[in-house]
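Letters A, B, ... are given to chains in the order of the sequence lines, protein chains preceding strands, and every chain is numbered from 1. Computed from a prediction, not measured in an experiment: that's the story for all the values here.
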Number of protein chains: 2
Amino acid sequence: MKSVFQSIQDFSADEINLLDSLITFRTVKKGELLLAENQVCNEIVFIEKGILRSFFLNHKGDEITNCFAFENEFMASFASFITGEKAEENIQALTDTELQILDRKSLEKLYQSGFNWQETGRKLTELEFVNLHKRMVSFQKLSGAQRYEELCQNHQKYIQLIPLQYLASYLGITPRHLSRIRKAVI
Amino acid sequence: MKSVFQSIQDFSADEINLLDSLITFRTVKKGELLLAENQVCNEIVFIEKGILRSFFLNHKGDEITNCFAFENEFMASFASFITGEKAEENIQALTDTELQILDRKSLEKLYQSGFNWQETGRKLTELEFVNLHKRMVSFQKLSGAQRYEELCQNHQKYIQLIPLQYLASYLGITPRHLSRIRKAVI
DNA sequence: AGCTTTTTAGGACATTTGTCCAGTAAAAGA
DNA sequence: TCTTTTACTGGACAAATGTCCTAAAAAGCT
């Protein structure tokens, strides 16, 4: 995750050393849960290799996929991490996954260690906000079919790597309907 | 907006004086646009009195309401403000409105003036993220009827103050459908 | 107050999307 | 490689939601 931080700000050797000392590592097997709902999310993970998805359950018990994260991306229940409240989401490995981990205390240390980390944290949070905003807009403005098309055009990775059943709820539709959409598009 | 910042952090008199020197004021008449789509959003406003709504157009030209802001809340096209790209949203006054304004340069000055402002900016961005996340989850997990009920129970203010036509698109449904839902609920 | 405009409600019908299901294809495990 | 499990497709029908429209109610204007 070092390089992501460095792409935002020019950190000194000391600052990077502090970061290095705080990062830990873990691997997760395909299918395993990294976080279960009703736990507080106390760490942010960064994916070195693999794919994660976050999902919650609706009132019928169906799994609704909230988001995916790929290599070189962060994942957490940010809402739970930020508020300290229990997460509604489960985070699951879709493949065997290798992770870097920054826990709450470590991130707090970083933040307290100086202006630069505060600024970087703010900017990264801003970017997360912008991404979420785009997703929100796509739900208000587009149909499921249009969201699928958008994904085909701009996020081919999702189409290639994610099972359709997960994509469907991510797009806000049922697998049955996604099948219909795919038939129509081709 | 001073008191919002102060609720997050204990600022010194100097820090608050700097803020005071950067805030400007403006009033907007009911119906007027504060920001039009395709402009870059260069300021964050804070509502002293009144109500704002942000909306964009879908492919058919219908207005889709993105969010509302009430007294003592911030409003902006945050996505545009953050990225510097053109906004997709219009921001409109739903009533005569009195505003405090912080423009991009002023906020940048605050941020550069010290750690505390960076930290406060990060925390406020985090809270915006969490709110947006909740809204996103409600779109993925609930029906339009359930979102309306949720609004009745937890955000009575919306029901009382916002015309139903705007509420409908905010909830992701048509006015016709909202009318059906209201009939069923009562 | 009276006129005009805007907003809301709701009927009739069309379209979209979901539910349930079974058959097939693909993937995982032994 | 064979078997078992899981994922995907698509038919038939049902339910949810949208479209178009008109009348009534409410709000705004002079």
_Within the 4.0 Å heavy-atom criterion, would you say B:L178 contacts the bases, only the backbone, or no part of the nucleic acid?_
nothing

*Does a distance-only test, which skips hydrogens and angles, find a donor-acceptor pair under 3.5 Å between the side chain of A:R176 and the base of D:dG10?*
yes

*chain B on DNA chain C: first and last contacting nucleotide, 5' to 3', under 4.0 Å to a heavy atom?*
C:dT7 to C:dA12

*asked:* Using only atom types and a distance under 3.5 Å, with no angle test, would you say the side chain of B:R53 pairs donor to acceptor with the backbone of B:N66?
replied: no

*Under a 4.0 Å N-O cut-off, is there an ion pair linking A:K141 with B:E88?*
yes

_Integer-rounded Å distance: D:dA7 P and A:I159 CD1_ = 18 Å

*Whole angstrom value for the distance that separates P of D:dG11 from NE2 of A:H177*: 15 Å

*Take atom CD1 of B:I64 and atom C1' of D:dG18, then tell me their distance rounded to the nearest Å.*
13 Å

*Whole angstrom is fine here: how far is it from CG in B:L161 over to P in D:dA27?*
13 Å

*asked:* Run the ring-ring contact (aromatic ring centres under 6.0 Å, His included) test on A:F70 and A:Y158 for me, step by step, so that the C-alpha distance in whole Å, both residues' side-chain angles and the decisive distance to 0.1 Å come before the verdict.
replied: CA-CA 9 Å; A:F70 298 90; A:Y158 282 70; 5.1 Å; yes

*Let me know, please, whether B:D62 or B:K30 comes out on the 5' side of the other along DNA chain D by nearest nucleotide.*
B:D62

_Could you check whether A:E119 pairs with A:K123 (Lys NZ or Arg NE/NH1/NH2 to Asp/Glu carboxylate O, under 4.0 Å)?_
yes

*Going by modelled atom types, is there a donor-acceptor pair between the base of D:dG18 and the side chain of B:R180 at under 3.5 Å?*
yes

_Atom-to-atom span, NZ of B:K183 to P of D:dA16 - whole angstrom_ = 17 Å

*For residues A:E150 and A:Q146, is any side-chain donor paired with an opposing acceptor at under 3.5 Å?*
no

*Any ion pair linking B:E71 and B:K157 (charged N to carboxylate O, less than 4.0 Å)?*
no

*Could you state the CD-C1' distance from A:Q165 to D:dT9, rounded to the nearest angstrom?*
14 Å

*Euclidean distance, atom CG of residue A:L164 to atom C1' of D:dT6 [Å, nearest integer]*: 13 Å

*If you measure only the distance, is there a donor-acceptor pair under 3.5 Å linking the side chains of A:T125 and B:R122?*
no

*Send over the distance from B:L94 CG to D:dG28 P, rounded to a whole Å.*
12 Å

